[in-house]
Amino acid sequence: MAFGKPKAPKEPKPPKAPKEKKPKKEKPPKPKKEKKPLKPKKGKKGQPVAEEVEGAEGEGQGGKKKFPILLLIPVVVIIAAAAIIIFVVLPRLKGEEAPDPEVSATVEPQPPELPSQIPIGDDVNIAGMLLGADESEAKVEKSKRVTYTYTDLVDAGKAAETYVGQLSGDGFSVVDEEFVRQTDKPDYTTEEGMVLLARNVSVKQDAAAAASAAPAESVEPTESLDPEASAEPTPTPTPEPDPEPTPEPVTYVHTVRITWSPGVCVVTADEEEGKVTAPANAAAAQHSVSQRSARKCLEAMSPAELGLPGESMDQYEVLPMDGTEMVDGKPAIRLHVYNDHNVAGSNDIMGMYLMTIDGEHLYRLDLGTNEVIELDFEYNQ
């Protein structure tokens, strides 16, 4: 049952007209940006820059494609394998061993460099000695030996005797093969013979050596002035071992060997190791030489034996000096020889000599070079 008045039906609203869409404003298309050229890449020091390879253009893509670096690795591996085959495998197949870089090359000994030619005359040479590598330490030196042959002599023995006298004034003495002076003269009247002369090579006097031979002054220990010093006895120092004796220096002699035969005289000069010594003289060894006896001994000799001009020692005055000097490790007396015709007070000295106090040696002192030359000498009291 309806209550009230019925509502009148609403009238339908008229449909709204569709809104018209406004036309969009069309924007002009933007110009495409041009691609900048790629800058070349910088490689690391000592490494090449990977090259870029142009690739095919894909759909919607343009430009260049880079060649991938990974593709270079197989190429390097192939090159390394080829090097191993060439330098390692192939030499071993041929029987050759690859060089070991850690093994140093051994140095083979080389033969010594020796003279290829040896002169034996003015215009004659002979081939020198050739040695192998096992003689790599060998050395060569020219011999000091000199030989002269005198021919067409009227009396070879007399020529030899004259030459011996000439050399005696220059410090040579007639010796045996051991360089011991001989008192007996050779017989020069024989058709054939031989005589050997020798003299010691000059040695320089060393004043420092004589000074070092003097004993050093001993210094006594002084007593301590400290009253609180300990009264304990001073321990005795351990004696030092005796120093080893100094080896004697090697000495040399000049030798002249004279051999003669009818019309021929051969003279051979050489330098050999050794020393000219006097024969054993028991009487001289028992008595030391005094200054007076040394002066008389020189006055009894001839000027030629002392290397002085003149025929007699009467024209000279011999004066011994005080004290002694060391010669070849032996004490000796110095004697000065003056011309007897010197002006009073002048120092025109003609020679200086050193005679050992055992009477075994007499030396002439060279005034220019300060060298001593041993003379042929026999001590007579």
Side-chain angles (χ1 to χ4, degrees), residues 105-151 156 159-160 163-164 166-182 186 193-209 244-261 264-278 307 327-330 361 363-376:
T106 58
V107 179
E108 296 294 334
Q110 297 294 328
E113 295 183 2
L114 302 178
S116 59
Q117 297 290 329
I118 299 177
I120 58 173
D122 294 337
D123 301 318
V124 179
N125 292 328
I126 61 174
M129 181 183 292
L130 297 180
L131 299 177
D134 57 338
E135 298 287 356
S136 58
E137 300 297 326
K139 298 179 182 179
V140 64
E141 62 182 23
K142 188 177 181 180
S143 174
K144 297 179 181 180
R145 179 175 299 176
V146 178
T147 300
Y148 285 94
T149 302
Y150 298 83
T151 59
Y163 190 38
V164 170
Q166 178 183 346
L167 294 179
S168 297
D170 199 16
F172 282 90
S173 305
V174 178
V175 297
D176 61 10
E177 297 296 334
E178 301 297 327
F179 306 135
V180 178
R181 293 192 185 94
Q182 300 297 296
M194 188 278 294
V195 60
L196 177 63
L197 296 98
R199 71 176 180 186
N200 292 321
V201 176
S202 302
V203 293
K204 292 186 177 181
Q205 290 295 301
D206 191 354
E244 296 183 0
T246 304
E248 294 185 1
V250 179
T251 57
Y252 296 90
V253 294
H254 294 150
T255 62
V256 178
R257 189 181 298 272
I258 306 170
T259 59
W260 70 89
S261 58
V264 178
C265 190
V266 180
V267 178
T268 302
D270 199 358
E271 182 178 280
E272 304 178 40
E273 182 177 337
K275 185 176 182 179
V276 177
T277 58
V327 182
D328 287 344
K330 296 181 179 181
H361 304 279
Y363 302 89
R364 178 169 60 87
L365 182 62
D366 191 308
L367 303 179
T369 62
N370 200 32
E371 295 179 345
V372 292
I373 302 172
E374 188 168 4
L375 304 179
D376 188 8

Asks: Could you measure the distance from the CE atom of M194 to the OG atom of S261? Nearest 0.5 Å is fine.
Replies: 13.5 Å
Asks: Which pair of heavy atoms, one from V327 and one from Y363, lies closest together, and at what distance?
Replies: CG1-CE1, 3.5 Å
Asks: Report the C-alpha distance between Y163 and L197 in whole Å, list the side-chain angles of each, state the deciding distance to 0.1 Å, and finish with yes or no for side-chain contact (heavy atoms from CB on, under 4.5 Å).
Replies: CA-CA 11 Å; Y163 190 38; L197 296 98; over 6 Å; no
Asks: Taking all atoms of both residues into account, what is the closest heavy-atom pair of V264 and A156, and its distance?
Replies: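 That would be O-CB, 3.5 Å.
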Asks: Donor-acceptor pairs under 3.5 angstrom involving side-chain atoms of residues 139-150: please list them, not counting sequence neighbours.
Replies:
unit_1: S143; atom_1: OG; unit_2: R145; atom_2: N; d: 3.1
unit_1: K144; atom_1: NZ; unit_2: E271; atom_2: OE2; d: 2.9
unit_1: R145; atom_1: NE; unit_2: D270; atom_2: OD2; d: 3.2
unit_1: R145; atom_1: NH2; unit_2: D270; atom_2: OD2; d: 3.3
unit_1: T147; atom_1: OG1; unit_2: T268; atom_2: OG1; d: 3.4

Asks: Stepwise, does the side-chain contact (heavy atoms from CB on, under 4.5 Å) test hold for V174 with L196?
Replies: CA-CA 6 Å; V174 178; L196 177 63; over 6 Å; no
Asks: Of all heavy-atom pairs between G171 and L375, which one has the smallest distance, and what is that distance?
Replies: CA-CD2, 4.2 Å
Asks: Counting only heavy atoms from other residues, nucleotides and ligands, does the tally under 6.0 Å from CG of L130 exceed 12?
Replies: no
Asks: Take I258 and V164 through the side-chain contact (heavy atoms from CB on, under 4.5 Å) test and state the conclusion after the steps.
Replies: CA-CA 9 Å; I258 306 170; V164 170; 4.0 Å; yes
Asks: Report the C-alpha separation of N200 and H254 in whole Å, then their side-chain angles, then the decisive distance to 0.1 Å, and conclude whether the side-chain contact (heavy atoms from CB on, under 4.5 Å) test is met.
Replies: CA-CA 6 Å; N200 292 321; H254 294 150; over 6 Å; no
Asks: Would you check if the side chain of T251 reaches a backbone N or O of G274 as a donor-acceptor pair within less than 3.5 Å?
Replies: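 The answer is yes, because a donor-acceptor pair under 3.5 Å joins these two groups.
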Asks: Can you run down the salt bridge (Lys or Arg N to Asp or Glu O under 4.0 Å) pairs that involve residues 173-182, sequence neighbours left out, and say none if there aren't any?
Replies: E177-R257, R181-E374, R181-D376
Asks: Suppose the criterion is salt bridge (Lys or Arg N to Asp or Glu O under 4.0 Å): which pairs have a residue in residues 125-137, not counting sequence neighbours?
Replies: none
Asks: Residues two or more places apart in sequence or in another chain: which of them pass side-chain contact (heavy atoms from CB on, under 4.5 Å) with P119?
Replies: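 So P119 forms a side-chain contact (heavy atoms from CB on, under 4.5 Å) with N125.
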Asks: Could you pull out all residues at least two apart from I373 that satisfy side-chain contact (heavy atoms from CB on, under 4.5 Å)?
Replies: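 Result, side-chain contact (heavy atoms from CB on, under 4.5 Å) vs I373: S202, R364.
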Asks: Taking all atoms of both residues into account, what is the closest heavy-atom pair of P112 and A138, and its distance?
Replies: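 Heavy atoms of P112 and A138 come nearest at CB-O, 3.7 Å.
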Asks: Under 4.5 Å between any side-chain heavy atoms of D366 and V372, yes or no?
Replies: no
Asks: Regarding E272 and T255, is there a side-chain donor-to-acceptor distance under 3.5 Å anywhere?
Replies: yes
Asks: Between L114 and L131, is any pair of side-chain heavy atoms under 4.5 Å apart?
Replies: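 Yes. Closest side-chain heavy atoms under 4.5 Å.
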Asks: With sequence neighbours left out, what residues match E273 under side-chain contact (heavy atoms from CB on, under 4.5 Å)?
Replies: V250, Y252
